[in-house]
Amino acid sequence: MSTETDYRETKITEDEFTILKALLDAPDDFVSGSLLTEQLGIARPAIWGTLEKLRNQGFDFEAVHNCGYRLIQEPEVLHPALIRYYSKKAATEMDVRYFPVIDSTNNEAERQMAYGRKSPFAIASSCQTQGRGRLGREWYSASADNLYLSVLFEPDIAPQQLQHFTLWAGIYICRALQSFTPKAALKIKWPNDLHCDGRKFAGMLTEAKMDSNRLRSIIFGIGINLNSNPSNYPKELRTIATSLYAIHGATVPLNKITARVLQAINQAYETCIHNKTTETLPDAWSPLSSLDGKPVTALQGDQEISGIANGIDISGALRLTQLDGSTIAIRAGDVTLKK
Ligand code: BTN
């Protein structure tokens with residue numbers, strides 16, 4: 001059985017980040033060795049050593065005498081320096097910790113909080129050994145081409161203030177991802193799934209810790225199928241799950257997307273904490289809803305309720321129009337499309 005000590009964070013040094021930043025900032029140019037040594041204060045042997053280390057992690061560089069260095073390839077998997085670089089570009093200063101393998105990024109976020117890591121922070125991974133979904137389900141987490149990500153906040157507020165956090169996160173994340181798949185419409189299936197053409201490509205799981213009616217911590221976890229090929233998924237998922245790669249018909253940039261998702265999560269938090277939005281929740285939700293106008297069945301305890309999905313109300317509940325014309329609000333649970 002594995003223990004938490006089996007999991008190793010991939011750390012980046014300030015020299016690595018500084019060199020990569022200089023190269024990424026000048027994608028079409030050579031960055032001279034003297035700029036790195038004189039302006040950025042990195043000794044020549046440290047530059048060579050760092051470039052060699054980065055080559056082993058999937059980067060590639062062109063080195064030309066009297067010109068300097070040029071970045072010619074980024075790794076195809078998640079890399080903490082790239083997540084940090086693209087996050088900074090998106091003006092999101094989030095402390096992101098990357099673990100190639102972890103039991104669950106939500107678990108690691110909780111452990112890091114217990115060790116005293118200052119929040120907010122994020123845990124990103126390329127493989128979870130115990131990824132979990134809503135309602136006690138397992139989350140398929142074996143593909144390094146996907147993203148497993150958790151963000152921990154310690155708000156110390158009344159829980160009602162964050163009751164719509166996951167819905168807002170879904171809205172902002174869906175909008176952010178849409179820019180990477182311009183030809184296919186990405187949708188949200190109430191309450192926590194992202195879908196395209198009836199197949200799920202992402203799921204969200206929010207876990208909160210309360211204490212005397214205050215919300216002490218909130219861990220928002222999201223799994224997004226990015227560059228994985230659904231034909232490699234376990235058999236039971238192949239017909240119901242998809243990935244952005246399958247949707248878009250080409251690979252998508254993992255690290256840039258991670259940065260955009262972090263930005264979207266922050267935006268959802270700001271919206272809830274500081275009421276920083278001019279849109280209402282139902283209006284923002286409406287164009288993204290995968291269920292609107294469709295016949296669905298909601299499971300409420302043992303009871304099945306059927307109706308036509310008709311948006312969400314201001315409390316975030318799913319509105320179902322029943323046969324007699326009345327509307328019923330579904331506040332929690334699972335909803336399935338009627339065949
Ligand atoms: C669902 O659709 O049921 C929710 C899936 C949530 C999966 C993510 S992956 C990152 C984080 N860590 C976990 O163990 N689960 C969430």
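Start at 1 and go down the list; that is how both ligands and their atoms are numbered. This is a predicted model, so every value here is computed, not measured.
Residue pairs meeting the salt bridge (Lys or Arg N to Asp or Glu O under 4.0 Å) criterion with at least one partner in residues 148-176, sequence neighbours excluded, are Asp156-Arg214, Asp156-Arg216, Arg175-Glu279. The side-chain hydrogen bond (donor to acceptor under 3.5 Å, both in side chains) analysis of residues 240-253, with sequence neighbours excluded, yields no pairs.
The aromatic ring centres of Phe59 and His79 sit less than 6.0 Å apart. Taking the six-membered ring where the residue is Trp, the centroids of Phe153 and Tyr269 are separated by under 6.0 Å.
Residues Ser306 and Gln322 bring no donor and acceptor atom of their side chains to less than 3.5 Å of each other.
Closer than 4.0 angstrom to ligand 1 sit non-hydrogen atoms from Ser104, Thr105, Asn106, Gln128, Gly131, Arg132, Gly133, Arg134, Trp139, Leu149, Ser150, Asp193, Lys200, Gly203, Met204, Leu205, Gly221, Ile222, Gly223.
Among residues two or more places apart in sequence or in another chain, the side chain to side chain contact (heavy atoms under 4.5 Å, CB included) test is passed with Gln178 by Thr181, Leu186.
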